[in-house]
Number of protein chains: 2
Amino acid sequence: MNDLKLEDIAKLAGVSRSTVSRVVNASPNVGAATRKRVEKIIQNTGYHPNAAARSLASQRTNMIGLVIPRTTSAFFTDPYFPHLTQGVAFACNNHHMTLSLFLVGNQEDENEITPRLLRRGMLDGILLQSGNSDDMLFRRLISSQVPLLVLGRPFEEKSVNYIDVDNISAAKSAVSHLLKLGYQRIGMITGAIRSTTSVDRQTGFEQAMAEAGREIDPSLIVEGDFSENSGYVAMKKLLAFTPDAIFAQSDVMAIGAMRAVQEAGFEIPKDIAFVGFDDLPIASTLPIKLTTVHQPITHFGIKAVDLLIDMIEKGTKPAKRMILDTELIIRDTCGGKSVSRPTDQGAEMEGSALNALIQTGGAIHH
Amino acid sequence: MNDLKLEDIAKLAGVSRSTVSRVVNASPNVGAATRKRVEKIIQNTGYHPNAAARSLASQRTNMIGLVIPRTTSAFFTDPYFPHLTQGVAFACNNHHMTLSLFLVGNQEDENEITPRLLRRGMLDGILLQSGNSDDMLFRRLISSQVPLLVLGRPFEEKSVNYIDVDNISAAKSAVSHLLKLGYQRIGMITGAIRSTTSVDRQTGFEQAMAEAGREIDPSLIVEGDFSENSGYVAMKKLLAFTPDAIFAQSDVMAIGAMRAVQEAGFEIPKDIAFVGFDDLPIASTLPIKLTTVHQPITHFGIKAVDLLIDMIEKGTKPAKRMILDTELIIRDTCGGKSVSRPTDQGAEMEGSALNALIQTGGAIHH
DNA sequence: AATTTCTTTGGGAGCGCTCTCAAAAGTTAT
DNA sequence: ATAACTTTTGAGAGCGCTCCCAAAGAAATT
C-alpha cells in the first residue's frame with residue numbers, strides 16, 4: 001500500500017521524526033493534540049514501522065526462537081509437541097513477540113540453523129527443547145550470548161536455565177498408586193533412555209519401589225522411545241514376564257502397550273493395570289480411560305515463554321529454574337475405583353483403542 | 001562471546017568493511033589470499049553478522065511467516081497441521097530461511113498479530129492457511145504488499161496465489177471406486193462446509209455419482225467438521241438411513257465414524273465400507289486398514305515454500321497456482337478386492353511396504 | 001516580572017550492515 | 001614500454017528507526 005517512513009509521517013503531520021516515533025511507541029511525553037493529529041495520519045496512510053530498522057536501532061527484535069533439536073525430532077509423531085507449540089505461540093502473542101520455529105531435521109539442518117541462531121539482531125531469546133547430552137547444538141547455544149531457556153532438565157544443568165516438570169515425584173506417585181492398589185509385579189516401559197525425562201521417571205519408579213520395600217525385577221523394565229509402536233513392542237516382551245501392572249512413561253506408549261495386551265487376549269485392568277504419563281486429551285476418551293500423570297503441556301509452554309521474557313528483560317543471572325507440578329489422574333486402567341476430576345469432560349465418549357493417536361476436538365481445516 | 005561488527009573484522013584483517021562483507025556473502029570478487037585471511041579471522045573471533053542490520057540494508061529478511069487463521073485454529077488437534085508445518089520447516093531450512101509461526105487463537109490475537117504481519121522489514125513472504133471467506137485477516141493480507149501464498153483454494157480466488165491439492169478429482173476417484181465395487185447406498189461425511197476443501201470434495205462426490213448415473217440421496221450426506229468426534233456423531237445419524245459405504249472427507253472423521261459403526265454392532269467392510277481422505281500414518285495401522293486418498297501433506301508444505309520463494313524472487317505477477325495430485329490408496333475398509341489403477345505404481349504395495357512409504361512422511365513423487 | 005520547574009518538541013548521532021561507484025592493482029595485448 | 005582491460009579493493013551514502021540531549025514553550029513559584 002505504501003512505503004512511507006517515519007520521516008514522511010513527520011512531514012505530513014508537521015512535526016519531527018522524534019515525535020512520530022513517540023506516538024508510535026506510546027510514549028507519554030506527547031501533547032494530546034499532537035498525538036491525535038499524528039495518530040490520524042498514521043491511520044490514514046496505513047503506516048507501519050519497519051521492523052528491521054527498529055530492531056537495529058533498539059537492539060531488540062521481539063522475536064524468540066523455539067528450537068527442536070535433531071535428537072528429539074520424532075517430533076510430529078508425538079502430540080506432545082503440537083501442544084507445547086501451541087502454548088508457546090499463545091504466550092508469544094500475549095507478549096507481542098513473534099515466534100520462530102527451528103525444526104532441526106538432520107545434521108545438515110543443524111549446520112545450517114546454528115549460525116542463524118547465533119546471529120545477533122535475530123532473536124531476543126531462545127527456547128531449546130532438551131535433547132541428548134552430546135548435543136552439539138546444545139553446547140553452542142549454551143556458550144553463546146543469547147538468553148537461553150532449556151525445556152526439560154538438561155544432562156548438564158550447571159548454570160543453565162531450565163524449566164521442567166517434577167518427573168521424579170510424578171512417576172513416584174504413579175507407581176505408589178499401583179503399589180497401594182496391591183499390584184505385585186509392576187513393570188515399566190521407559191522413554192528414550194538418553195533423555196533426562198526418562199531417567200527421572202525411572203528414578204521415581206525406583207523410589208516408589210524402595211519406599212514400599214520392594215525389589216525391582218530388571219526383566220520388568222523395558223526400554224521404549226515414547227512412540228506408540230515402541231510401547232507395543234515393549235509390551236510384547238513384557239508379557240513373557242507376567243506383570244500385573246505397567247507404568248508407561250507416556251500415554252502414547254501406554255496406548256501401544258494396551259493394544260498388545262488386548263491382542264494377547266488379556267483384560268485391562270483385570271489382568272494388567274496401566275498408568276500412563278502426559279494426560280493427553282485422548283487419555284480420557286479411550287474405551288478404558290487411562291489413569292495417567294497429568295502434565296500441563298500447553299501451560300508449560302506458556303510458563304516457559306514468561307520466564308524467558310523475564311530473563312531477557314532482567315538478565316539471566318543467577319541461573320533460572322522452574323519446576324511445575326503434575327497430578328495423578330485416576331481413571332479406569334489402574335483398577336480400583338474411578339476418581340476422575342470434575343473437569344474431565346468427554347469422559348462419556350467411548351472409542352476403539354485405535355483412536356489412540358487421534359485427538360478429538362473440533363478440527364476445521366485442510 | 002563477542003560484539004564484533006564488520007568494521008572490527010575489517011580492521012583485524014587490514015582490509016575494508018566492504019571486503020569483509022564480500023567474504024561473508026560469498027561474493028566471487030575477492031582475491032583468494034584476502035578471502036582466506038578474512039575467513040580465518042571470522043572463524044577465530046566467532047563473528048556473526050547482525051541480522052537486523054543486514055535486513056535493513058538489504059531489504060531482505062530471509063524470513064517467511066506461516067499463518068494459521070482463527071477460523072482454522074483447532075489446529076493442533078488435527079495431525080494434518082504438524083505434518084504441514086514439518087514440510088514447511090524443512091523447506092525453509094533448505095532455502096536458508098527462517099520460519100515464523102503465527103497461530104491466531106482468537107480475535108484479540110488477530111488484532112495483535114496483523115500489524116506484525118504487515119510491518120515491513122519483517123517477513124519476505126507469507127504462507128496463509130485458507131480459512132473462511134469472511135476472514136478479515138485474509139482480506140488485509142491480500143491487499144498488502146507482501147508476497148502471499150494461500151494454502152488451499154480460497155473462496156475468492158481472483159488474482160490470489162494459492163496452492164492446493166486436486167480435491168475434486170481426488171474425491172471423485174474415491175467415490176468412483178466405491179461405485180465400481182458395487183455399493184448402492186453411498187453416504188458422505190463432509191468437512192466444515194465453509195471451507196473450499198469440503199466444497200470441492202463434495203463436488204467430486206457429486207461428479208462420481210453423476211457419471212455413474214446415480215441419484216444422490218440427501219439424507220446420506222451429513223455435515224462434519226473434520227474432527228474425530230464429528231465423524232462419530234455424523235455416523236450415528238447416517239446409520240438410520242442404512243448406507244452400505246461411506247466416504248469420509250478426512251481420515252480422522254472416518255475413524256470416528258467407524259467407531260460408531262462398530263459400536264452399533266456392524267462389521268467393516270462387510271456391512272459398511274469406508275474410504276477416508278488424507279492418508280495419515282495411522283490409516284495404515286488401524287486394525288482394519290483404511291482405504292483413503294493419499295495427499296502428500298509434508299510435500300505440500302515443501303512445495304508451498306518453494307513456490308513462495310519463487311514469488312519473492314521473481315514477483316507475484318501473474319497470480320500463481322499450483323495443484324498437487326493425490327492418489328487413492330486401497331486397503332481393507334472398502335471391501336472387494338484391491339482394484340489398482342494401472343498407472344499407480346504405489347498400488348502394488350501392500351501392507352508394510354506401504355507403511356514404509358507413509359512413515360517417511362514423504363511420498364515425494366511429483 | 002523574574003525565576004524555576006516541568007512538559008513537549010526537534011536535532012543529531014548512531015545501530016551494523018549493503019551496494020554503487022570509483023580508484024588501485026594486476027593482466028594481457030599492442 | 002604503453003595502452004586497454006580485468007580483477008580486487010575502498011570510500012561513502014544510505015537503509016529507517018531509537019534515544020540522548022538540548023531547546024522551546026507552558027506552568028508554577030517566588
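Naming: A, B, ... by sequence-line order, numbering from 1 per chain.
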Is any side-chain N or O of B:Lys5 closer than 4.0 Å to OP1 or OP2 of C:dC15?
-> yes
Using atom CG of A:Asn25 as one end and atom P of D:dC19 as the other, report the distance to the nearest whole Å.
-> 7 Å
Take nucleotides 5-13 of chain C nucleotide by nucleotide from the 5' end and write B, S or -, depending on whether a protein heavy atom sits under 4.0 Å from the base, only from the sugar-phosphate, or from neither.
-> ---SBBBBB
Does the side chain of A:Asn62 come under 3.5 Å of the side chain of A:His95 through a donor N or O and an acceptor N or O?
-> no
How far does CG of A:Asn94 sit from CD of B:Glu112, to the nearest 0.5 angstrom?
-> 8.0 Å
Which atoms form the tightest heavy-atom contact between A:Pro296 and A:Val165, and what is the distance?
-> CD-CG1, 4.4 Å
Quickly work out the B:Arg60 CZ to C:dG16 P distance and round it to whole Å.
-> 23 Å
When the distance from CE of B:Met122 to P of D:dG16 is rounded to whole Å, what number comes out?
-> 17 Å
Distance, rounded to the nearest Å, where B:Asn50 contributes CG and C:dC15 contributes P | 11 Å
Within less than 4.0 Å of OP1 or OP2 of C:dC17, is there a side-chain N or O belonging to B:Gln59?
-> no
Test B:Arg116 against A:Thr98 for side chain to side chain donor-acceptor pair (under 3.5 Å), laying out the working first.
-> CA-CA 8 Å; B:Arg116 293 213 314 264; A:Thr98 295; 2.8 Å; yes
Between CG on residue A:Asn50 and CE on residue B:Met122, distance to nearest 0.5 Å = 11.0 Å
Taking only side-chain nitrogens and oxygens of B:Tyr47, does any of them come within less than 4.0 Å of OP1 or OP2 of C:dG16?
-> no
Enumerate, in order of first residue number, the stems that involve DNA chain D, defined as 3 or more consecutive Watson-Crick or G-U wobble pairs with both distances under 3.5 Å.
-> C:1-30 with D:1-30
Take the protein atom NE2 of A:His48 and the nucleotide atom P of D:dC17, then report the distance between them rounded to whole Å.
-> 12 Å
Would you say B:Phe300 has more than 12 foreign heavy atoms packed within less than 6.0 Å of its CZ?
-> yes
Listed nucleotide nearest any side-chain atom of B:Leu56, set D:dT18, C:dT18, D:dC15 = D:dC15
Take the protein atom NZ of B:Lys36 and the nucleotide atom P of D:dT8, then report the distance between them rounded to whole Å.
-> 15 Å
In Å, rounded to the nearest 0.5 Å, how long is the span from CZ of A:Phe102 to CG of B:Leu101?
-> 12.0 Å
To the nearest angstrom, the CG-P distance between B:Leu6 and D:dG14 comes to 19 Å
Starting from C1' on D:dG16, measure out to CZ on B:Arg54 and report it in whole angstrom.
-> 18 Å
All side chain to side chain contact (heavy atoms under 4.5 Å, CB included) counterparts of B:Val30, not counting sequence neighbours | B:Thr19, B:Arg22, B:Val23, B:Thr34, B:Arg35
Quick one: closest heavy-atom pair of B:Leu117 and B:Val146, and the distance?
-> O-CG2, 4.4 Å
